[in-house]
Amino acid sequence: MAAPLRLSSLLAGAAGALVAGAGGRGFFDRFVAAGEARDGRPDPLDRYTARAVAEAVAGALAGGAARFAIAHPFDRDPVIPFQRLGRAAGLGGPGPLALQIHPVFGPWWAYRVLIVLDRPLPAAAAPGDGCAGCAAPCVAACPGRAVARTGFEVGACHAHRRADAACRLSCPARLACIRGPEHRYSDEQLAFHMRASLPRPA
Ligand code: B12
Ligand code: SF4
């Protein structure tokens with residue numbers, strides 16, 4: 001069994017950490033306008049994310065003496081358990097959609113970075129659980145019966161998506177979520193993420 005992941009394994013002397021995400025359409029709109037979206041190389045959004053985050057961090061920490069390390073949700077060695085970090089920061093879930101539902105952005109957001117620092121940071125206010133008190137219309141809206149109060153069935157989701165064009169590049173259940181509809185991704189953004197998350201048939 002692998003040793004548990006500790007912040008100190010990402011940065012010697014780690015004393016604080018910040019988890020950041022992007023909600024709504026702005027991040028993807030900037031990606032579409034960036035060179036990575038058109039250079040024909042693999043993983044364009046991941047490469048754009050890494051560059052945008054590196055530039056933002058360099059700007060924020062310029063002139064300071066802080067040591068830091070950066071990790072992303074798409075890192076494979078190690079895989080950083082972002083949803084667990086989100087729970088530690090006061091988000092709820094994952095809910096029936098397997099997503100952590102933000103009280104403001106609903107299901108229309110994603111993690112982009114973990115920044116580990118050599119100094120403590122003040123605790124931010126806990127965002128809370130966007131699914132709290134909801135009647136869960138997402139459950140009935142899933143034609144693949146993958147969405148349930150008891151947990152998301154990723155196998156059922158993928159089997160249905162291979163057979164049903166309506167679910168291949170979109171998600172009726174996510175669209176039915178009551179939280180943050182004004183932050184809904186464009187059809188183009190939703191299709192981009194859905195295409196990336198559909199595994200090839202075994
Ligand atoms: C592997 C992965 C997938 C796989 C899932 C494989 C599987 N069998 O579950 C695939 C490719 C299918 C996938 C798909 C999607 N994913 Co995905 N995925 C990941 C990734 C890279 C790793 C998850 C993992 O295995 N973590 C390892 C475990 C140990 O870490 P974890 O944080 O604890 O995560 C797990 C627990 O939360 C656990 N869990 C479930 N219930 C509960 C309950 C409790 C109480 C606890 C403690 C834990 C728990 O399930 C989680 C997933 O395995 C993460 C990014 C990351 N690095 O975290 C994104 C991530 C989870 N995915 C994300 C998203 C958005 C999606 C998609 C919706 C993409 C899209 N289309 O827009 C789809 C939705 C699912 C679908 N319909 O297919 C987001 C979720 C954001 C959020 N709001 O919560 C993440 C965090 C990426 C990001 N940049 O933000 N994904
Ligand atoms: S519809 Fe309700 S229960 Fe389903 S994901 Fe959205 S907030 Fe959570």
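Quick note: residue numbers are just sequence positions, from 1. Values reported hereafter were calculated over all heavy atoms of this structure, with side chains retained and with hydrogens, waters and symmetry mates removed. Just follow the structure's listing: the first ligand is 1, and inside any ligand the first atom is 1. Just so it is clear, the model here is predicted, and its values are computed rather than measured.
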Exercise. Tally of protein N/O/S atoms under 2.8 Å from atom 8 (Fe) of ligand 2?
Worked result: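 With waters ignored, the protein N/O/S count below 2.8 Å is 1.
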Over 60° means perpendicular and under 30° means parallel, so classify the ring planes of [Y] and [X], tilted if in between.
| X | Y | value |
| --- | --- | --- |
| H193 | Y185 | tilted |
| H102 | W109 | perpendicular |
| F31 | Y48 | tilted |

Would you check the N or O atoms of [X], main chain and side chain alike, for any that come under 3.5 Å of an N or O of ligand 1?
| X | result |
| --- | --- |
| F82 | yes |
| V79 | no |
| Q100 | yes |

Exercise. Does ligand 1 have an atom that lies less than 4.0 angstrom from a heavy atom of R174?
Worked result: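 Yes.
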Check whether any side-chain N or O of [X] sits under 3.5 Å from a backbone N or O of [Y] as a donor-acceptor pair, and report yes or no.
| X | Y | result |
| --- | --- | --- |
| R149 | P96 | no |
| D118 | R67 | yes |
| D75 | H72 | yes |
| R161 | C167 | yes |

For ligand 1, note which part of [X] has a heavy atom under 4.0 Å away: side chain, backbone, both or neither.
| X | value |
| --- | --- |
| C157 | side chain |
| F74 | neither |
| P94 | side chain |

Which atoms of ligand 1 sit under 4.0 Å from any heavy atom of [X]?
| X | answer |
| --- | --- |
| V154 | 8 (N) |
| I80 | 56 (C), 57 (N), 58 (O) |
| A110 | 88 (C), 89 (N), 90 (O) |
| R87 | 45 (C), 47 (C) |
| H158 | 12 (C), 78 (O) |

Exercise. Salt bridge (charged side-chain N to carboxylate O under 4.0 Å, His left out) with E153: which residues, sequence neighbours excluded?
Worked result: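 Not a single residue meets the salt bridge (charged side-chain N to carboxylate O under 4.0 Å, His left out) criterion with E153.
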Using a distance threshold of 4.0 Å (strictly less than), state whether [atom] has a protein heavy-atom neighbour.
| atom | value |
| --- | --- |
| atom 59 (C) of ligand 1 | no |
| atom 71 (N) of ligand 1 | yes |
| atom 24 (C) of ligand 1 | no |

Exercise. If you draw a 6.0 Å radius around CZ in R119, do more than 12 non-hydrogen atoms from other residues or ligands fall strictly inside?
Worked result: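 Result for CZ/R119: enclosed.
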For this session: Please name all residues satisfying side-chain contact (heavy atoms from CB on, under 4.5 Å) with L175, sequence neighbours left out, ordered by chain then number.
Result: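 side-chain contact (heavy atoms from CB on, under 4.5 Å) list for L175, sorted by chain: W108, S170, R184, L190.
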For this session: Number the atoms of ligand 2 from 1 as they appear, then name those within less than 4.0 Å of a heavy atom of P137, with their elements.
Result: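 Close to P137: 1 (S).
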For this session: Verify side chain to side chain contact (heavy atoms under 4.5 Å, CB included) between L10 and L114, making sure each step is shown before the conclusion.
Result: CA-CA 10 Å; L10 300 174; L114 164 68; 3.7 Å; yes
Exercise. Quick one: does L5's side chain get under 4.5 Å of V79's, heavy atoms only?
Worked result: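 The answer is no; the side chains never approach within 4.5 Å.
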Problem set entry | Residue pairs involving residues 158-181 (criterion ring pair (Phe, Tyr, Trp, His ring centres under 6.0 Å); sequence neighbours excluded) |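 Not a single pair qualifies under ring pair (Phe, Tyr, Trp, His ring centres under 6.0 Å).
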